[in-house]
Amino acid sequence: MKITVAGAGIGGLATALSLHAAGFEDVVVHEAAAEIRPLGVGINLLPHAVRELTELGLAGRLADIAVPTAELAYFNRYGQAIWSEPRGLAAGYRWPQYSVHRGRLQMLLLDAVRERLGASAVRTASRLTGLRHESDLLVGADGIHSAVRAALFPGEGAPPWNGLVLWRGTTVGEPFLTGRSMVMAGDGTQKFVAYPIGDGRRINWIAERPLGGEAPERGNWNRPADLAAIVGYFADWTFDWLDVPGLVAGAEAAYEYPMVDRDPLPYWTRDDVVLLGDAAHAMYPVGSNGASQAIIDARVLAHSLATTGGTAAYEEIRRPATTALQLANRRQGPEVVMRLAHERAPAGFDDIEQVVPLTERTEIAASYKRTAGFDPALLNERASWSVR
């Protein structure tokens, strides 16, 4: 089978590696950019995605560039603890959770594709603009502005915006809490996220709040932002464990991203074309699932093609699962605990148990893990997607 992949992002490159591991040798990835560069800031890889990269033989390389997340903790806008839980190996998974620079992960995958499939397996400055291709299957892994998706659904229009804007940056700073903590502080509307990447001293941060007017450049992760304005929005968010305005002010640059996603689709496959990753199910960056879900898509697609000869099993498994996740993220996913704490105790609290009881917090976290496919017991016991 000859397979064409549109897009050399994380999803497209993971697809090429997964197809090769499943026995498909004639795979070519087409990338519109003239040069693939390590752009972006930090992302998280959840244990279900780390499992797939491990089974692709990339565990050692990934560990070399990533920070293993020790805990996830939520706080209100005053820095008071709402909920925390261990992550990765400490939570009973067989695989770690990682925080990593998106660009470094992409380059790791790119290097692996070229090593295993050959230097010509990735073609840059090669934009695919429609459904015509000279292969047995076209995989549209070309992102939230997918040309392949647009050809399948020509009347869809721009990604819908929810009125919120994210600002993202990195700052060299002192470790906080465990030194490997991922923290989120907020009130359900305004939010700040921070976690270490690289050598652990570079802190990746995300600031979020509503923005009036029309969203600029929906789907562009690399639009420069004004650091001073972001600092002003979070000027009084100074906690005894983290100085939010100081962290933002210490960044060399920041990037603005309107909070957009895509509506769930009625199908992903038509004839010899199939969608994958953000092209299929772009979702709000809630719960650290975007890149992880694209990696899982890649593995399930390769397994479906190798074991059934088609894509029906892939869509049957992945489309309902990611649709549920897209909708859960629109409801704030596990981050809803910050909104609940603010609604019930807007001035802060003395005892979180009286505000959001432990049973409620526990079920919110567990329910999201089940929806996103990384419940520890289910993930540890699930059969492998490896073909050989």
Side-chain angles (χ1 to χ4, degrees), residues 5-17 29-45 49 53 58 61-62 64-67 98-114 121-128 140-147 159 165-172 193-199 202-208 215-227 230 248 250-262 276-279 282-285 288-295 298:
V5 179
I10 291 169
L13 295 172
T15 298
L17 291 170
V29 181
H30 293 260
E31 169 55 45
E35 179 185 5
I36 301 174
R37 296 181 291 139
L39 300 176
V41 287
I43 61 171
N44 274 268
L45 291 177
L53 295 177
L58 299 172
R61 296 188 191 189
L62 183 57
D64 287 342
I65 65 169
V67 174
Y98 283 126
S99 297
V100 61
H101 189 283
R102 181 203 171 277
R104 294 193 70 186
L105 173 63
Q106 184 182 14
M107 300 310 291
L108 182 158
L109 298 174
L110 177 62
D111 290 344
V113 170
R114 287 172 169 163
V122 179
R123 299 178 186 175
T124 56
S126 180
R127 182 185 298 274
L128 301 184
D142 47 343
I144 193 168
H145 293 298
S146 168
V165 169
L166 304 179
W167 295 281
R168 303 165 67 93
T170 67
T171 305
V172 175
V193 181
Y195 52 85
I197 59 174
D199 62 0
R202 182 165 292 277
I203 309 301
N204 187 84
W205 55 262
I206 303 127
E208 173 188 314
E217 297 186 52
R218 299 185 188 187
N220 177 6
W221 283 98
N222 299 301
R223 176 183 169 85
D226 180 2
L227 278 169
I230 304 168
V248 173
E252 295 179 2
Y255 304 94
E256 180 178 275
Y257 182 79
M259 184 86 89
V260 296
D261 67 356
R262 285 289 191 186
L276 180 145
D278 278 356
M283 58 189 68
Y284 294 153
S288 307
N289 261 287
S292 293
Q293 294 298 324
I295 292 166

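Heads up: numbering here begins at 1 and tracks the sequence.
Paired with Arg102 under the rule side chain to side chain contact (heavy atoms under 4.5 Å, CB included), one option of Asn204, Ile10, Ile197 passes, and it is Ile10. Here the options are Glu252, Arg202, His101, the test is side-chain hydrogen bond (donor to acceptor under 3.5 Å, both in side chains), and the partner is Thr170; only Arg202 passes.
In this structure, the side chain of Tyr195 engages the main chain of Gly42 through a donor-acceptor pair within 3.5 Å. Distance alone, capped at 3.5 Å, places no donor-acceptor pair between the Glu35 side chain and the Thr124 backbone.
Val100 and Ala66 get closest at one heavy-atom pair: CB-CB, 3.9 Å. Here the closest heavy-atom approach between residue Ile36 and residue Val122 is recorded as CD1-CG1, 3.9 Å. Nearest heavy-atom pair, Ala207 versus Ile230, reported as atom, atom and distance to 0.1 Å: CB-CG2, 3.9 Å. Across all their heavy atoms, Pro285 and Met259 have their closest contact at CD-SD, 3.3 Å. Among all heavy-atom pairs drawn from Ser288 and Asn44, the shortest one is CB-CB, 3.6 Å. Considering all non-hydrogen atoms of both residues, Ser292 and Leu45 come closest at OG-CA, 3.6 Å.
If you take CG on Asp278 and CD1 on Ile144, they are separated by 6.0 Å, rounding to the nearest 0.5 Å. Within the model, atoms CG of Leu62 and CG of Leu105 stand 6.5 Å from one another, a figure rounded to the nearest 0.5 Å. Leu58 CG to Ile295 CD1: the interatomic distance, rounded to the nearest 0.5 Å, is 9.5 Å. The structure places CG of Leu17 at 8.5 Å from CG of Leu53, a figure rounded to the nearest 0.5 Å. Interatomic distance, Trp167 CH2 to Ile206 CD1, rounded to the nearest 0.5 Å: 13.0 Å. Note that the CG atom of Asp142 and the CD atom of Glu31 stand 9.5 Å from one another [nearest 0.5 Å].
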